[in-house]
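Start at 1 with the first residue, then count along the sequence.
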Amino acid sequence: QAKKRGGGDREWWDRDWQRGEYVGDYDYHQVRYPDRYGLRPLPPGQNYMILGNRLVVVDSDTYRIMSALNAVTSLLD
């Protein structure tokens, strides 16, 4: 069971997120300054997000994963 906002366990932390999955119900952090971390600019309507220990690109309208990138150890944004 993935962690939902407001409770649950943390098994989702190391989960292997896949393209098309909906992330709106999970704890995530939007990367506001991708250039600080050497991330390329994204087209309008896409955002980098940290989901568990994964960096993902999410459609800002649907909150569905467009691509799952690297596992991250730390990102201060």
Min side-chain heavy-atom separation Leu51-Val58 under 4.5 Å =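 Side-chain contact under 4.5 Å: no.
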For the atom pair [atom1] ([X]) and [atom2] ([Y]), what is the distance rounded to the nearest 0.5 Å?
| X | Y | atom1 | atom2 | value |
| --- | --- | --- | --- | --- |
| Met66 | Met49 | CE | CE | 12.0 Å |
| Ser60 | Gln30 | OG | CD | 8.0 Å |
| Asp59 | Asn47 | CG | CG | 9.0 Å |

inquiry  = Ring-plane angle category for Tyr28 and Tyr63, please: parallel below 30°, perpendicular beyond 60°, tilted otherwise.
reply    =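 Correct class here is tilted.
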task = State, to 0.1 Å, how close Gly20 and Arg64 come at their nearest heavy-atom pair, and which atoms those are.
result =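 Residues Gly20 and Arg64, closest heavy atoms: O-NH1, 3.0 Å.
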request  = Check Arg54 against Asp16 and note the closest heavy-atom contact, atom names and distance.
outcome  =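 Taking Arg54 first and Asp16 second, the nearest heavy atoms are NH2-OD1, 4.1 Å.
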request  = Test Val57 against Tyr48 for side-chain contact (heavy atoms from CB on, under 4.5 Å), laying out the working first.
outcome  = CA-CA 5 Å; Val57 176; Tyr48 288 108; 3.8 Å; yes
